[in-house]
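Worksheet: the structure to be examined is printed underneath.
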Amino acid sequence: MERYLAGDARAMAVLYDRHARPLKAFAMQQGAQRPDDVVQDAFLRVVKNGQGFKGQSKFRTWLYTIARNLCVDASRRDRFRKGPSLDAPMGSDDDGPTLGERVASDMVGSDASRNTADKQFREVFDAAMEKLPEEQREVFSLREISGLSFAEIADLTRCNENTVKSRMRYALKALRDALADFV
Amino acid sequence: MVQKPPMTGSERDDAAFIDAYERRKAGAQAGDVPAEWRAEVEDFVRIHQRLAAEPMPDVSPAVRSIILSAAAEATREPMQQPLFTRLLHLLMRPGPILAVMTVAALAVAVAVRPDKSPSSSSLPVGAVASAPEVAERPALQNQPAAPQAAVALEEKPVDVPPAPAAAPAAPVAAPAANVAEGPAAEPAAPAKPSRTFAAHPASLGPTDSPAPERQVAQEDAKKLPKPSPAPQNLDEALRDDRQQNVAGAVATGQATASKPMANHADLAKDSAEDKAGYAAPKAAKAQAYRQEQDAAPQAPAQVQAERPAATDATSELKARLDKTADPDERVALLQKLVAAAHKSGDAKTAKWAQEQLHAAEQVVSRNRANVQQNRASAPQPQNQEPGKAKAEKR
């Protein structure tokens, strides 16, 4: 980030390559319907307001704070927006894949050769994450998927670190109960 | 419906559990985890390993190109902006703006602050007329009859230009003579010519002044009223003079003159005894004394010249006031006395005269009112008893 602020545009490419995919995974876990847009908007804000980054916190914390706010705004917008149902079949074929299935498949990549166990694991995992309280889901996805430290998560969510760890334990316990067949 | 899980322990306990889980996840041995948590931690570690194996979702390449082009444009912009624009952007921030406003406010406050320096509000009397005093010095020095000029024993004759204030210099000689008369109202301090100390004052010992001038000074000194006993040594004389000047005696210019002149007899004797060794330190003391006199807030020559005249008028008016009991005459005299006191700068006398005038005017008005009342009551004597009429008259 310092190199970018110094005028090196290639430093932004390094930042993007390092954080874009985990950021999208986080946006997907937060329920964003268009996670690519969240990633694009978050990085555009970094490009535009780069001078506002004082270096008091890590760049990753700053980036995920932006993404978190974007996800909250998007969820509020989409709550009142009449969008297509995730369960409705796409196309004219009623037996065809639903939108939710297509979204889920995007989460696990476009590799069609993934075995069934993994797919099932993913589906159960997603369903269990869906059932978690929002704050537990956020903590779990930030720690386990995006790789943020508990200190960064505490800074981002404006909570005590012990509170973050407590939420993490609850989330792990709930997921262990849901994924008991896979562990 | 999402149900909140029940609390399984305190937050501290949860934090300890997570720390153990993190250590195990990072590669710690299973035996390092407490026994009661071991099974749970192992399950969590397996979930973590399963999730870590999952590939991250891909982001559309279009997003990358958009981000990188925006970054390139953003990094180019500052270099294309002119220096003035960049400086303006730097200054248009809360911090610099606040700093500039604070400095501006301080500058305005200092600028509009009223000037409280004492020199501008009130000036000492001596400083006000310092110019006429200096202008009159040459004039006075040209008047050998004046004791002040006579005391001005200069080593070298000074060629002075004709004083523009030569007219006011004339009354200076008269006050000098009046000093010899010694008005009773004035304090007993001897007269002191301030302008004479522009040169080496004679009181500071023998100088190289010519003898005739000293003789004249001695003769004039004899004419002056006898001052306080001359101090035994010269330093005491100077000290006494300074104290009297600081006390602000009336006609200090003349009062001091007599003292050094009175010491001329002693000085003449001293000069005969040790002339050479006396001149140098005394010259230095004369210099210091001259500087001190110039710095002291004493009345200038012009004011001092006018003061004796006004003081005489004041004393005369006072004398006449004491002699008369007529209220109307007292009012007239008091009015003149107020004017004379103001002219002479005698604030104390002016204030006293003002008060007396006010009282006298009240007496006069009361008398007039009584007269009018008596005249009003006089036409009806038949309606009243003789006793009542007498009582009213009283």
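Sequence lines set the chain letters: A, B, ... in the order given, protein chains first and strands last, and positions in each chain run from 1.
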Determine whether A/R169 and B/D13 make a side-chain contact, defined as any pair of heavy atoms from C-beta on separated by less than 4.5 Å. yes
So for A/F125, is it side chain, backbone, both, or neither that comes closer than 4.5 Å to the heavy atoms of chain B? side chain
What's the shortest heavy-atom distance between A/L172 and B/F44, and which atoms? O-CE2, 3.0 Å
Would you confirm whether A/K24, through its side chain, and B/D58, through its main-chain N or O, come within 3.5 Å as a donor-acceptor pair? yes
Closest-packed option against chain B by number of heavy-atom pairs under 4.5 Å, given A/P35, A/G147, A/A13: A/A13
Verdict with supporting geometry, B/D19 and A/K165, side chain to side chain contact (heavy atoms under 4.5 Å, CB included): CA-CA 8 Å; B/D19 290 340; A/K165 290 180 179 177; 2.7 Å; yes
What part of A/D17 gets closer than 4.5 Å to chain B, counting heavy atoms only: side chain, backbone, both or neither? side chain
Can you confirm whether B/Q29 is buried at CD, in the sense that more than 12 heavy atoms of other residues, nucleotides or ligands lie under 6.0 Å from that atom? no
Under 4.5 Å to a heavy atom of chain B? For A/F26 that would be neither
Begin with the C-alpha distance, continue with both residues' side-chain angles, and end with the deciding distance and a verdict on side chain to side chain contact (heavy atoms under 4.5 Å, CB included) for B/I18 and A/F150. CA-CA 10 Å; B/I18 294 298; A/F150 287 110; 3.4 Å; yes
Answer with side chain, backbone, both or neither: which region of B/E40 has an atom nearer than 4.5 Å to a non-hydrogen atom of chain A? both
Note: vs chain B, highest number of non-hydrogen pairs under 4.5 angstrom among A/V39, A/I145, A/T163 is A/T163
Between A/E144, A/M12, A/K48, A/R10, which shows the greatest number of heavy-atom pairs under 4.5 Å with chain B? A/E144
Under 4.5 Å from a heavy atom of chain B, the part of A/Y16 involved: side chain
What verdict does the side chain to side chain contact (heavy atoms under 4.5 Å, CB included) test give for B/D14 and A/N162, after you've listed the backbone C-alpha separation in whole Å, the side-chain angles of each residue and the deciding distance to 0.1 Å? CA-CA 8 Å; B/D14 295 336; A/N162 288 342; over 6 Å; no
Any donor and acceptor pair, going by atom type alone, linking the side chain of A/R176 with main-chain N or O of B/D43 inside 3.5 Å? no
Measure distances from A/L23 to the heavy atoms of chain B and classify the residue's part below 4.5 Å as side chain, backbone, both or neither. neither
Who wins among A/L175, A/V47, A/D37 for the most heavy-atom pairs under 4.5 Å with chain B? A/V47
Quick check on A/R45: does its CZ atom have over 12 non-hydrogen neighbours (other residues, nucleotides or ligands) under 6.0 Å away? no
Do you know which of B/L68, B/V45, B/L51 has the most heavy-atom pairs under 4.5 Å to chain A? B/L51
OG/A/S149 to CD/B/E22 distance, rounded to the nearest 0.5 angstrom? 9.5 Å
Contacting moiety of A/R143, where chain B heavy atoms sit under 4.5 Å: side chain
